[in-house]
Amino acid sequence: METPTLNQINKIVFNFLNSKTPEVLVIRGKWGVGKTFAWNYLLNEAKRYTELEWNKEKRLENYSYVSLFGINDLKELKRTIFENTIPSISIGQENGEPNLETLGEMSGKLFKKYSSHLKLPEYFEKFNPFDTHSFNDSLPNFAINNQLICLDDIERKGKKLEVRDILGLVNHLKEEKECKIVLLLNDDEKGVKEIDKYREKVFDYEILFEPSCEESLEIAFNKYSFSEDVNGILKSSIRRLEIKNVRVIIKILRRFKPLAELLKNRHATIKLHSIEAFVLAMNSQLRSSNETIPPLSFLKETDFVIFNMSRNASSFLSDIPENKHQLDEWFDYVQKYGVECISPRTSPIFYYVNTGILENIIELKFNNWEHIIDTYNQNESFSATWDMIYNSFEFNEDDVVKELLQRAKNNIQIIESHRLNDACKFLEQINRKNEAKVLAEFYAKEVTDRDKLINDHQHILDVREPQGISSIFLNEFPFPNKGLEKELNLVEILYKFVNKSQPTIDQLNKLVLLSDDEFNNVINQISPRDLKIIWRESFKYYEDTKNAKGTILTTFCDRLKNTVKKMGRGEKIDEHRISYILGEQYE
C-alpha cells in the first residue's frame, strides 16, 4: 500500500464525507503514530468545507466516536455508539464532547421522530421500569441511522467480542442504516490478519497513515499554537529530534503551556535553551520502549559529562544500559541535538517534565540567567570600543578616548575589572593618564556592589601590575577597601575561587591554620563540581603567583589535595569523583 501525503489524505476524506453513498473508510498505521489525532484534524478540516451541504441535505447530522477498548459484546457497542452521539455541527467545538445533555437531546429527537410509529399504549403496558437494559438496548436500533461513526482501538476490544461480529455490525450500519463508518486500525497489533479476511466485503477505502515530521507538525500545531518565535523554536527542536508521532508532539505542546507563560517576556537566549531542553526532556519521557532515545535520568545527570566532553563519567549515571554501544549512542544523540540546553540553569525544566511541578526556583534561575546575559551584552558593548582602535585607522585619538570613557561609564556597574584595567592601561600607554585616573576614580565611586569592588580591587592589588587600575589605586587610594571589607566565613573564602576573585593571603592563612578535622568539615560542605573549580583555580593561582605567595598557598594546595583524596566511602564512584575534581593531579 502506497503512503499518501497529508494533502492527498485530506482530499480522500473530503470526498468520502461529501459523497452521498454509505461507505467504510479505513485508516491504517503503526501503533502510536497519531491516527486518532490525525482523524480529528482531518474531520475538522473537512467539516469547514462540507458543513453547509450536510445541513442542507440533512445528511450525517450526527457523529459518534467510539473506542472499543474493553467492550465485550455488540449490545454494549451499539449502546456506546448511541451514547457518544453528538450533532455534527458540534464537531471541533468546545462543547463538542458527548455528555448527559447531548444524550438527552438525541433521545428527545428520537422520541419525537418515532412516536407516531410506535403503539405507545401497548408498549408501556409491557414496559418494566426496572428493566433499563432492555429499554437502553432498543434505543440504538432506532437511533443509529444516516450518521458518521468512527470506531477506534478495535485491537483492544474485550475478549468476548469477535472481530467478525464488529465487521458484521459495520457492514449492517453501512448497508441497512446508510451510515458512513471510519475504522482506525493498528497494523502492528494482533487481530489485523483476521480483519483482512473481510476487507474486500466491508472496506471501500483504505489509507496508510505514515506522516512525515512536517505533516505531524501541521496537525499538532493546528490544535496548540503559541507566539511566532516560540512556535519556531518548538518546531525546530522537534525537527532536529525527527519526531513524527502526532500524539507525542501534541503531548509536548500540551505540557508546554504552563512553561510558555513563564517564558513569555524572557530574553531570546533563555527562551531558546529552555524550549530546547523541554522538548529534549519530553521526548525522553515519552520514549516508551525506544532504546535509541536516552532516558530522562540520563539527561538530568549528564550536564557535567557533556560540558567536559568525558565519556568516562558514566559511573555517575543511575540508568546505564548493559550495552556500552548504547551509551555511546545516547551521547551522540544529545551532542547531535546540541548540548547548550543542558546545564544547571535548565535543571528545573527537567524537574518539571519529570514531576509536572514548576518549582518556584525556576523564576530565580531565569532572573539570574537574565542578569548574566545582560552583563555579557554590556561587557561586549564596552569591548566593541576596541574595534575603533584595531579595525581601522579612521578614528582619531580624541574620538576613541571619548567613546571609551562613555561606554565604560554607561556599563560601570557590571564591567569586569580586567576589562576596565585594560582600558586604563591603554589610556596610560597613549599618555592619557588624566583620563585613566578619572576612569579609575569613577569606578571606585560609582560601583554600588561593594563586595564586587573589594574583590576586584584585591585581585588587582594581588597581581601588582605596573600599569592600569592597580597603579592608579595604589597612588590615589592606598586603602580604598578599608572599612568596607566584610568578614567572610571559611566556606565563602573558598567560593572566592569559584567566583574567580582569589582570596587574600590573610584569608588563605585562616584556612591553613585550621586543624585537620576543621579543614575536612569545611571541604565536605562543598559539592564535587565546585571543588573541581576551587582546585583548578587555586592550583592555577599557585602556578601564576607561587613566588609571591610562597608557603601559604603551597600548604593550602597540598592540604586541599590530600583532603579530597580521602573523601567518600572508598567506592569506585568516589574514586571517579576524586579523579573528576583533581584531574591530572590525581595519582
Side-chain angles (χ1 to χ4, degrees), residues 212-214 216-218 220-221 224-287 290 292-309 317 319 329-359 361-374 376-377:
S212 67
C213 181
E214 289 303 316
S216 297
L217 286 172
E218 181 181 339
F221 277 84
Y224 293 100
S225 190
F226 306 93
S227 62
E228 186 176 348
D229 60 334
V230 168
N231 282 346
I233 300 170
L234 285 166
K235 289 179 180 179
S236 173
S237 301
I238 291 168
R239 287 188 190 106
R240 276 154 48 206
L241 292 173
E242 299 178 354
I243 305 173
K244 299 179 182 179
N245 189 310
V246 178
R247 179 164 55 186
V248 169
I249 297 174
I250 286 180
K251 284 184 176 180
I252 289 172
L253 300 183
R254 184 187 297 138
R255 181 71 79 84
F256 179 72
K257 286 181 72 176
L259 190 58
E261 289 300 311
L262 290 178
L263 290 171
K264 187 176 290 183
N265 298 314
R266 293 295 179 179
H267 191 279
T269 300
I270 297 177
K271 281 186 183 178
L272 175 65
H273 293 323
S274 297
I275 295 172
E276 287 177 336
F278 173 78
V279 174
L280 180 66
M282 281 296 295
N283 196 42
S284 290
Q285 181 82 326
L286 300 170
R287 73 180 189 138
N290 189 346
T292 63
I293 300 173
L296 186 58
S297 58
F298 175 84
L299 299 178
K300 289 192 297 180
E301 298 170 16
T302 310
D303 60 296
F304 72 92
V305 182
I306 296 296
F307 286 122
N308 289 283
M309 300 303 290
L317 305 176
D319 197 357
E329 284 186 352
W330 289 352
F331 277 104
D332 291 338
Y333 175 92
V334 176
Q335 287 177 326
K336 181 181 176 183
Y337 180 71
V339 301
E340 296 85 356
C341 66
I342 304 180
S343 74
R345 294 187 191 120
T346 55
S347 59
I349 291 172
F350 290 97
Y351 179 83
Y352 168 58
V353 170
N354 190 40
T355 65
I357 301 170
L358 273 174
E359 291 182 300
I361 195 174
I362 198 168
E363 284 277 9
L364 299 175
K365 290 252 184 184
F366 282 164
N367 290 339
N368 183 53
W369 199 351
E370 200 97 45
H371 174 71
I372 291 170
I373 292 170
D374 288 342
Y376 173 81
N377 289 338

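Counting begins at 1 with the first residue of the sequence. Keep in mind the model is a prediction, meaning the values are calculated, not measured.
Under the 6.0 Å distance and 45° angle rule, R255 counts as a cation-pi partner of Y352.
Remark: L263 CG to I270 CD1 distance equals 8.0 Å, nearest 0.5 Å. A distance of 10.5 Å separates CZ in R254 from CZ in R247, rounded to the nearest 0.5 Å. Between atom OG of residue S216 and atom CD of residue E242 there is a gap of 12.5 Å, rounded to the nearest 0.5 Å. Atom CD1 of I252 is separated from atom OH of Y224 by 12.5 Å, given to the nearest 0.5 angstrom. Taking CH2 from W330 and CD1 from I293, the interatomic distance works out to 11.0 Å, rounded to the nearest 0.5 Å. Taking CD1 of I349 as the start and CD1 of I275 as the end, the distance is 8.5 Å to the nearest 0.5 Å.
For R240, the salt bridge (charged side-chain N to carboxylate O under 4.0 Å, His left out) partners two or more places apart in sequence, or in a different chain, are E276. Judged as a side-chain contact (heavy atoms from CB on, under 4.5 Å), and not counting sequence neighbours, the contacts of T355 are Y351, I357.
No side-chain heavy atom of V279 sits less than 4.5 Å from a side-chain heavy atom of M282. Inter-residue side-chain proximity for Y337 and V334 is flagged as unmet; no heavy-atom pair is nearer than 4.5 Å.
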For residues 226-233, please give each side-chain donor-acceptor pair under 3.5 Å, one per line with the distance, not counting sequence neighbours.
{"residue": "S227", "atom": "OG", "partner": "D229", "partner atom": "OD1", "Å": "2.6"}
{"residue": "D229", "atom": "OD2", "partner": "K271", "partner atom": "NZ", "Å": "3.0"}
{"residue": "N231", "atom": "OD1", "partner": "F226", "partner atom": "N", "Å": "2.9"}
{"residue": "N231", "atom": "ND2", "partner": "S225", "partner atom": "OG", "Å": "2.9"}
{"residue": "N231", "atom": "ND2", "partner": "F226", "partner atom": "O", "Å": "3.0"}

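Counting heavy atoms of neighbouring residues, nucleotides and ligands inside a 6.0 Å radius, atom NZ of K235 exceeds 12 of them. Within a 6.0 Å sphere centred on CG of N290, other residues, nucleotides and ligands contribute more than 12 heavy atoms.
For P295 against S284, the heavy-atom pair with the smallest separation is C-CB, 4.0 Å. Nearest heavy-atom pair, R239 versus C213, reported as atom, atom and distance to 0.1 Å: CA-SG, 3.9 Å. Taking all atoms of both residues into account, the shortest heavy-atom contact from L296 to A281 is CD1-CB, 3.6 Å. Taking both residues in full, the closest heavy atoms of F221 and L253 are given as CZ-CD2, 3.8 Å, listed atom of the first, atom of the second, then distance.
With no hydrogens or angles considered, a side-chain donor-acceptor pair links N283 and Y333 at under 3.5 Å.
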